[in-house]
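First listed ligand is number 1; within each ligand, the first listed atom is number 1.
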Amino acid sequence: SNIVAIVGRPNVGKSTLFNRFLERREAIVDATSGVTRDRHYGKSDWNGVEFTVIDTGGYEVNSEDVFQGEITKQVQLAVDEATSIIFMLNVHEGLTDTDQEIYEMLRRANKPVYIVINKADSAKEELAATEFYQLGIDKYYTLSSATGSGTGELLDDIVKDFPTDEYKDPFEGLPKITIAGRPNVGKSTLTNALLDVERNIVTDVAGTTRDSIQTLYNKFGYEFVLVDTAGMRRKAKVKEDLEFYSVMRSVRSIEYSDVVIIMVDATLGWESQDMNIFGLAQKNRKGIVIVVNKWDLVEKDTNTTRDFEAKIKEKIGQFTDIPVLFISALTKQRILKAVEVAMEVYENRAKKIKTSKLNEVMLPVFEATPPPALKGKYVKIKYCVQLPTPSPQFVFFCNLPQYVKEAYKRFTENQLRKHFGFTGVPIEIYFRQK
Ligand code: GDP
């Protein structure tokens, strides 16, 4: 997966460019997903090449005195994590010392850096932009955030420079699980606890791209790979105190994985950052298990788990058919249960329903509860198939697909879940004309 990070001083226009990248696609792809749109990262594509965009400014601390330290940290993290870096400058403010410093860091990175001069809306400003040659660069791109002009040329070059060396998966065909969550939620503790269960049963293989590590487990009656990017078990190069860093890492691990264990801190509850990770996993159609960690710290009575789970499900939207577990990575309570449930979700995601069985079950359901008639027209669902995709997707052939509303799609999804069991797995449903 390619990650494009946008870096630069505050207010140079990072978020505007970020939104431009996203809006074309979000309008088309995500209009119906029901996922809260995150403001700081998302998927985009150019000429059919997909990439993830991160607006590092979304994580900015807006206080002047901490700013200097924060910006260099963010730039360093972007350098560590991203495939390509857009360095944004603002023609109205000219070249500043901070810009020079940032560029110095970027120059040393062994990654493509694109200098983008924003707000160059007129010929006069285009001329003023030449000031930035002082950085010692050969090329820059001028953009107008107002009109969006200039983004095409930039994207052409970015996509062209994406690394082409295809990642060779040493564990192809095995279930890939990742543990995602906010900093300090207990990811490393769980990873280590799983490792310690029996040291001799794991194999670390450093990935051939960047610094991901995959650990093969063939114990507990299962064989699976824990995807661990940027060395969770190693000391992070930079102290992991930035949301932005954990998001970048999550993006990569999630894309590699089949199942995402979203770890939540029992003492903090479900927060917006957990929602972001959830949204990422859902958008990427990965299996999801929610694990509430540090359960040892919570004072419990009979309804505590039930109430905690209900609160989470209230917040995550429509897709609530997800296992929620309460564990303590520290005391190793129920950690193997977490693995077991993750494997069940893996099986659910890989499940393929035979066409004959699918029709045998679903057609009577539609017969009994047809889509409501619209303007005197009746929708007749004739036939359905599951597509051969990595995550479950179903096509329902009917006479008038445009008359099938969201509520009925949800009904169909719930019926599929009820009859076939897809707990923890996002399902995609399409109604098509036969
Ligand atoms: P990470 O940033 O998500 O990898 O989090 P760590 O694994 O480094 O854990 C952060 C802190 O939480 C450490 O001090 C852990 O000892 C502590 N911690 C992790 N899991 C638990 C747990 O289940 N119970 C308690 N009480 N503390 C935990």
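- Here is the list of ligand 1 atoms found below 4.0 Å of a heavy atom in A329: 20 (N), 23 (O).
- Counting heavy atoms from C-beta outward, V339 and Y217 have side chains that stay 4.5 Å or more apart.
- Those atoms of ligand 1 that come under 4.0 Å of a heavy atom in R182, given as number and element, are 3 (O).
- Between W295 and F326, the ring planes lie tilted relative to each other; the angle falls in the 30° to 60° range.
- Taking 4.5 Å as the limit, every side-chain heavy atom of F394 sits out of range of all side-chain heavy atoms of Y430.
- The distance from ligand 1 to the heavy atoms of N184 drops below 4.0 Å at these ligand atoms: 1 (P), 2 (O), 3 (O), 5 (O), 10 (C), 12 (O).
- Using a 4.0 Å cut-off between heavy atoms, L297 contacts ligand 1 through its side chain alone, with no backbone atom that close.
- Below 4.0 Å from some heavy atom of D296 lie the following atoms of ligand 1, by number and element: 22 (C), 23 (O), 24 (N), 25 (C), 26 (N).
- Applying side chain to side chain donor-acceptor pair (under 3.5 Å) to S328 and the options D296, N293, T189 leaves one that passes, D296.
- Residue nearest to atom 27 (N) of ligand 1, selected from L330, I179, T331: L330 (by heavy-atom distance).
- Residue S328 has at least one heavy-atom neighbour below 4.0 Å for each of these atoms of ligand 1: 22 (C), 23 (O), 24 (N).
- Residue W295 has no nitrogen or oxygen atom sitting less than 3.5 Å from a nitrogen or oxygen atom of ligand 1, judged on distance alone.
- Judged by the 6.0 Å and 45° rule, K351 forms a cation-pi pair with F422.
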Checklist entry - For T423 and N348, what are the C-alpha separation, side-chain angles and deciding distance, and is it a side chain to side chain donor-acceptor pair (under 3.5 Å)? => result CA-CA 7 Å; T423 294; N348 288 345; 4.8 Å; no
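- The shortest N or O to N or O distance between G186 and ligand 1 is below 3.5 Å.
- Counting only N and O atoms by type, the side chains of N19 and T16 include no donor and acceptor under 3.5 Å apart.
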